[in-house]
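Everything on this sheet refers to the single structure shown next.
Naming: A, B, ... by sequence-line order, numbering from 1 per chain.
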Protein chains: 2
Amino acid sequence: MTAETAPSGYDPSAYPAFAVTVDVVVLTIRDRELQVLLVGRGSAPFKGAFALPGGFVLEDETLEEAAVRELEEETDISAADLPTGALVQLGAYGDPERDPRMRVVTVAYLAVVPSIGPTRPGGDAAHAEVLPVRQVLGRRPKHELAFDHQTILTDAVEHARQELETTSIATAFVGPEFTLAELRAVYEAVWGDQLDPGNFRRKVLSLDGLVTPTGQRQASGPEGGKPAELYAAADGIRPLSERFRRAR
Amino acid sequence: MTAETAPSGYDPSAYPAFAVTVDVVVLTIRDRELQVLLVGRGSAPFKGAFALPGGFVLEDETLEEAAVRELEEETDISAADLPTGALVQLGAYGDPERDPRMRVVTVAYLAVVPSIGPTRPGGDAAHAEVLPVRQVLGRRPKHELAFDHQTILTDAVEHARQELETTSIATAFVGPEFTLAELRAVYEAVWGDQLDPGNFRRKVLSLDGLVTPTGQRQASGPEGGKPAELYAAADGIRPLSERFRRAR
DNA sequence: CCAAAAGTGTTGGGCCTACACCCATGG
DNA sequence: CCATGGGTGTAGGCCCAACACTTTTGG
């Protein structure tokens, strides 16, 4: 009774033991579309289904360190490539039934990256793929993600949509230098709507510390057009001075 | 190696065992001020310090069920009193050093209630008190909350401020019937600024499904004044149709 | 010169702030 | 009748969506 009412004064041998894992939702823009990194499961349960990359939290690492480690183990993304704030916690998922074998509480993270290079299938992950979020979330029940990862992905996308409005997270989707058209494509992909290029430009430039001009210009594409100015993101992902309003 | 890369295919005896707890930040408005329920710790570590109410997650309950149970064990609040959405998860806190005795991952919840009646000190909680958030967060390091609860409380308040803008959570701070002045006092207490009564009224009434008029009027207070109209909240805490903007 | 994309100007409308003002009550 | 708070009216300003227009490139 005592042991159940406070995380203190308990007998260390009397608490229920849980496994704690992290799962990482790695989002990127590919082909002007929001896409997510998934691993195909090579063993039961959910053998053959896709799942989010993830794994156990080790004894002496923080939850965030575990998420970074999983990311580094399965992709070519290193911690140094992740600006502060490009990896955020989504929350804990701990339904007793979420893993049929045992009680596992997982802590989900959202990672936003400009691109996903070669992946390293690790552990029981047979292979890794980058798939459009729209396609994955539109699946019929029998083809859903393993465990409760469908729910986690849904929450992650909602979180990303929200953060676009309040933080500079959009810059984590693009490289170190980018055009405003590229940045606009991020908002359009994540929000799923079209933005006016002129109004977008004014809005972005009016927000303190979202982007800074580099003075450089990018060569025009194959279709011609005026060369775009290049911009760089501010260091780290920070709250915006003012909300970037999503159109209704 | 295999066991570390995915929450599957592992040997159940090979994973690191963690203790998992829930901690609940119970916020309410008292004396026109945002206040939080804290328990005084009766045993080491942090004996004598205040902490958030919380405790172990049991083998067969969800994280949210554990949070509700803790709430019911230490206060007179029952699950039935909590509208859907008045209890939300804040996230997981799992720094290896957060509990000096062992590895504990805690999942923090935010509960918003109209009032906190008599409390039941349980377990090693010597006593419970409701204290102003401003006072608790303003404390010097030596008088801070136990564990990382200072951080959790800070995050909870920030979360609540945010949710006032985007959801109908404000109605969870007041009783089933309330005047717009009472509701306005919630926003003022949580945001820490003054709102224009007239503009507040128009804004609240313009938002779909935030409040519905009961047709009743409340008797005037001791100071006189026009009797206020009474309103009821919509069922459950829901996202607002439009953002309730916080003044800068 | 034409198409295409970047970037700038402009305008009308909606919302919001800051008040002034009226209403209904207790003392 | 006065103080107090509830509730309504309204004018000015800011922001923004929409869209026309200019600029600069490739072909």
Side-chain angles (χ1 to χ4, degrees), chain A residues 32 164-166 170 174 177-189 191-208 210-232 240-248, chain B residues 31-32 164-166 170 174-175 177-189 191-208 210-232 240-248:
Chain A
R32 307 201 122 239
L164 275 197
E165 292 191 48
T166 56
V174 295
E177 292 201 334
F178 51 88
T179 66
L180 294 188
E182 284 165 3
L183 192 63
R184 179 161 46 85
V186 170
Y187 285 85
E188 291 179 339
W191 283 345
D193 55 10
Q194 296 279 107
L195 299 178
D196 180 277
N199 295 337
F200 179 82
R201 174 188 182 77
R202 265 187 296 260
K203 182 69 186 180
V204 166
L205 296 182
S206 78
L207 294 175
D208 272 356
L210 213 196
V211 302
T212 54
T214 63
Q216 305 286 96
R217 299 184 146 261
Q218 193 188 55
S220 302
E223 309 268 293
K226 183 172 175 176
E229 294 164 1
L230 285 171
Y231 293 84
L240 296 180
S241 57
E242 195 186 336
R243 181 171 301 270
F244 195 122
R245 291 234 249 160
R246 170 161 29 163
R248 283 139 298 224
Chain B
D31 303 331
R32 307 200 124 239
L164 275 197
E165 293 192 47
T166 55
V174 295
E177 292 201 333
F178 50 89
T179 66
L180 294 186
E182 284 165 2
L183 191 62
R184 179 162 45 85
V186 170
Y187 285 84
E188 291 180 338
W191 283 346
D193 55 9
Q194 295 280 107
L195 299 178
D196 180 278
N199 294 339
F200 178 84
R201 174 189 182 78
R202 264 186 298 259
K203 182 69 185 179
V204 166
L205 296 182
S206 78
L207 295 174
D208 273 356
L210 213 195
V211 302
T212 54
T214 62
Q216 305 286 96
R217 300 184 145 261
Q218 193 188 54
S220 302
E223 308 271 292
K226 182 174 174 176
E229 294 166 1
L230 285 171
Y231 293 84
L240 296 179
S241 56
E242 195 185 335
R243 180 170 301 270
F244 195 122
R245 290 234 250 163
R246 175 171 15 172
R248 282 135 304 220

Protein-nucleotide distance ([X], atom [atom1]; [N], atom [atom2]), rounded to Å:
X	N	atom1	atom2	result
A/L205	D/dC16	CG	P	14 Å
B/F200	D/dG5	CZ	P	17 Å
A/L180	D/dT23	CG	P	20 Å
B/R201	C/dT17	CZ	P	17 Å
B/R184	D/dG6	CZ	C1'	9 Å
B/E229	D/dT8	CD	C1'	11 Å
A/Q194	D/dA17	CD	C1'	15 Å
B/R243	C/dC16	CZ	P	12 Å

Exercise. Does some side-chain heavy atom of A/Y231 sit less than 4.5 Å from a side-chain heavy atom of A/L205?
Worked result: yes

Exercise. Within the pair B/R245 and C/dC15, is there a side-chain N or O less than 4.0 Å away from OP1 or OP2?
Worked result: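 It does not, given that no N or O in the side chain of B/R245 lies less than 4.0 Å from OP1 or OP2 of C/dC15.
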
So which protein N/O to nucleotides 11-13 of chain C N/O distances come out below 3.5 Å?
none

Problem set entry | Worked check of side-chain contact (heavy atoms from CB on, under 4.5 Å) between A/F178 and A/V211 | CA-CA 10 Å; A/F178 51 88; A/V211 302; 3.7 Å; yes

Problem set entry | Side-chain (B/S220) to main-chain (B/G225) donor-acceptor, under 3.5 angstrom |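 A pair under 3.5 Å: yes.
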
Seminar exercise, completed: CG of B/L195 to CZ of B/R246, rounded to nearest 0.5 Å, is 11.0 Å

Could you list the donor-acceptor pairs under 3.5 angstrom formed by side chains in residues 179-186 of chain A, with sequence neighbours left out?
| from | atom 1 | to | atom 2 | distance (Å) |
| --- | --- | --- | --- | --- |
| A/T179 | OG1 | A/A181 | N | 3.4 |
| A/T179 | OG1 | A/E182 | N | 3.1 |
| A/E182 | OE1 | A/T179 | N | 3.2 |

Exercise. Residues two or more places apart in sequence or in another chain: which of them pass side chain to side chain contact (heavy atoms under 4.5 Å, CB included) with A/Q194?
Worked result: A/E188

For this session: Would you please name every residue forming a side chain to side chain contact (heavy atoms under 4.5 Å, CB included) with B/R202, sequence neighbours left out?
Result: B/N199

Exercise. Looking for any heavy atom pair under 4.0 Å, which part of the strands does B/A181 touch: base, sugar-phosphate only, or nothing?
Worked result: sugar-phosphate

Problem set entry | Residues which pass ring pair (Phe, Tyr, Trp, His ring centres under 6.0 Å) with B/F200, listed by chain and number, not counting sequence neighbours | B/Y187, B/F244

Exercise. For every nucleotide of nucleotides 18-27 of chain C, 5' to 3': is a protein heavy atom under 4.0 Å from its base (B), only from its sugar-phosphate (S), or from neither (-)?
Worked result: BB---BBBSS

